[in-house]
Amino acid sequence: MRIIDIREITQPISSPIRNAYIDFSKMTTSLVAVVTDVVRDGRRVVGYGFNSNGRYGQGGLIRERFRDRVLEADPESLLDDRGDNLDPHKVWAAMMRNEKPGGHGERSVAVGTLDMAVWDAVAKVAGQPLFRLLAERAGREADPRVFVYAAGGYYYPGKDDAALRAEMRGYLDRGYTVVKMKIGGAPIEEDRRRIEAVLDEIGSQAQLAVDANGRFDLETAIAYAKMLRDYPLFWYEEAGDPLDYALQAALSEFYPRPMATGENLFSHQDARNLLRYGGMRPDRDWLQFDCALSYGLVEYLRTLDVLAQFGWSPGRCIPHGGHQMSLNIAAGLGLGGNESYPDLFQPYGGFPDDVRVEDGHIVMPEPPGIGFEGKADLIPVMRQLAE
Ligand SMILES: O=C([O-])CC(=O)C(=O)O
Ligand SMILES: [Mg+2]
């Protein structure tokens, strides 16, 4: 078998929302298709992928470097030992030929997007849902039931506490037991008021996580920690700059409850530095590395190895991004769950149409691949690129 084409198109996923750092009015994503010469069930096998929100589409890098390296590689050199399927690790190595280490920039997003499509193709060629293929290769039992939480609570023009409460009520009505809102985009007393409004709305039905999107300097992060510790929060996320490990470490002296970070760390080396220097606590904190932003699952497997070396369980990982790729990794490799954005970033995020959230969990469906074919608003968009 061989890859006969790789296509990319940059699509808008814009919305009027704002977090503490950016607005999403010009947000885009790269949609990619890895076209193979394999036919399964009367249809050509095409793997699809896209990048997570928060980083923009990667058309330039994909078209100028990464696509051609794969297409120019000897097709045999990209196959697994049996020669009947792609080896994602070999495709990854082909993409990363002639790239120096460090300085990850956003090439990790370009590679992560293509890597998603490669794994989708590999699982389709194997005729398995990706999570089962991953579990089998890791010699472990898959658990199709995955914890998911509802992310939202953004700032947007004209949004008052009543609208915020109604949004959170909507998530509870759809079966979620943990909801997340943004902080750090308003003065601290206004954020306290917003938090109290949401806590009042959700009562004992759910827990609340808050996300500062890396906005705070040490002093502000500590001021917020002192305010937030008055409340039984699920987590306090990304208080300071993602690469400021000393800030994260200092914060643990002021905030005994769970914290979360990692969505803007793009390599296993950066993840290792977080565990070395960030003072993260393996008994309560959460790691949010998102493979679609950080060189894909091939790299995420290295990150999981780093976690193991540092005594962290994969169960402490709840990736950022709300995409089905991480759902498969969670179900296949025992992560603690996955983010979801029930009302945002459609049609890319979310679940196949027949999947419901019940008691804060979903059950993975069983079609081969990542599961994009089960989403009626997504698969036609993907098939426009290639089928
Ligand atoms: O607002 C964003 O950039 C998304 C984000 O941080 C999250 O989902 O945790
Ligand atoms: Mg976040």
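We count ligands from 1, going down the list as the structure has it; atoms in each ligand are counted the same way. Position 1 is the first residue of the sequence; numbering continues from there.
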E237: its N/O/S atom lying closest to the Mg ion (ligand 2) (atom name)
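Of all N, O or S atoms in E237, the Mg ion (ligand 2) lies closest to OE2.
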Using a strict cut-off of 4.0 Å, indicate which atoms of ligand 1 neighbour a heavy atom of H320.
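Those qualifying, in numeric order: 4 (C), 5 (C), 7 (C), 8 (O), 9 (O).
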Who gets closest to atom 3 (O) of ligand 1 by heavy atom: N264, N19, I17?
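Of the listed residues, N19 has the closest heavy atom.
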For N/O/S atoms only: which one belongs to E263 and is nearest the Mg ion (ligand 2)?
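So the atom name we want here is OE1.
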Please determine if R97 and E72 form a salt bridge, counting it only when a charged side-chain N lies under 4.0 Å from a carboxylate O.
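Salt bridge absent between R97 and E72.
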At less than 4.0 angstrom from any non-hydrogen atom of K180, what atoms of ligand 1 do you find?
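Heavy-atom distances to K180 below 4.0 Å select 7 (C), 8 (O), 9 (O).
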Closest protein heavy atom to atom 5 (C) of ligand 1, given as residue, atom name and distance to 0.1 Å
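The closest heavy atom on the protein side is K182 NZ, 3.2 Å.
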By number and element, which atoms of ligand 1 are closer than 4.0 Å to a non-hydrogen atom of Y341?
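Under 4.0 Å from Y341, ligand 1 has these atoms: 4 (C), 7 (C), 8 (O).
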Side-chain contact test, heavy atoms from C-beta onward, threshold under 4.5 Å: evaluate it for P319 versus M325 and give yes or no.
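No, too far: nothing below the 4.5 Å cut-off.
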With a 4.0 Å heavy-atom cut-off (strictly under), which part of Y21 contacts ligand 1: side chain, backbone, both or neither?
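Neither part.
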Which bit of E238 gets closer than 4.0 Å to ligand 1, counting heavy atoms only: side chain, backbone, both or neither?
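Near ligand 1, E238 shows nothing, with every heavy atom at 4.0 Å or more.
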Could you tell me whether any N, O or S atom belonging to D211 is less than 2.8 Å from the Mg ion (ligand 2)?
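D211 does place an N, O or S atom closer than 2.8 Å to the Mg ion (ligand 2).
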Centre-to-centre under 6.0 Å for W235 and Y255, is that the case here?
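Distance test on ring centres: not under 6.0 Å, no.
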Tell me, which protein residue and heavy-atom name are nearest atom 4 (C) of ligand 1, and how many Å apart are they?
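It is Y154 OH, 3.4 Å.
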Would you say Q288 contacts ligand 1, with heavy atoms under 4.0 Å as the rule?
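Contact check Q288 vs ligand 1: negative.
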Which segment of I22 sits under 4.0 Å of ligand 1 when only heavy atoms are counted:
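It is neither part, as no heavy atom is under 4.0 Å.
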Judged by modelled atom types alone, do Y295 and R107 share a side-chain donor-acceptor pair under 3.5 Å?
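Indeed, the side chains of Y295 and R107 share at least one donor-acceptor pair under 3.5 Å.
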In the protein, what heavy atom is nearest to atom 6 (O) of ligand 1, and what distance, to one decimal place, separates them?
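Of every protein heavy atom, N213 ND2, 2.8 Å lies nearest to atom 6 (O) of ligand 1.
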May I ask you to check whether over 12 heavy atoms, not counting those of D230, lie within 6.0 Å of atom CG?
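Yes.
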Give me the ring orientation class for F24 and Y154: parallel if the planes are under 30° apart, tilted from 30 to 60°, perpendicular past 60°.
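Rings of F24 and Y154: perpendicular, as their planes differ by over 60°.
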Enclosure of D41 CG (heavy-atom neighbours >12, cutoff 6.0 Å):
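Counting other residues, nucleotides and ligands, CG of D41 stays at 12 neighbours or fewer.
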How are the rings of Y176 and Y171 set relative to one another: parallel (under 30°), tilted (30 to 60°) or perpendicular (over 60°)?
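The rings of Y176 and Y171 stand perpendicular, inter-plane angle above 60°.
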Mind telling me whether Y224 and F216 have parallel, tilted or perpendicular rings, with 30° and 60° as the class edges?
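Answer is parallel, since the angle falls under 30°.
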To the nearest 0.5 Å, what is the distance between OH (Y155) and CG (D23)?
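Answer rounded to 0.5 Å: 14.0 Å.
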Before giving the answer on side-chain contact (heavy atoms from CB on, under 4.5 Å), spell out for T29 and Y348 the whole-Å C-alpha distance, their side-chain angles and the decisive distance to 0.1 Å.
CA-CA 9 Å; T29 187; Y348 297 95; 3.9 Å; yes
Within ligand 1, which atoms have a heavy atom of E263 less than 4.0 Å away?
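Under 4.0 Å from E263, ligand 1 has these atoms: 5 (C), 6 (O), 7 (C), 9 (O).
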List every atom of ligand 1 that sits less than 4.0 Å from any heavy atom of N53, numbering the atoms from 1 in the order shown and giving each element.
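Ligand 1 atoms under the 4.0 Å threshold to N53: 4 (C).
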Using a 4.0 Å cutoff against the non-hydrogen atoms of F24, which atoms of ligand 1 qualify?
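That gives atoms 1 (O), 2 (C), 3 (O) of ligand 1.
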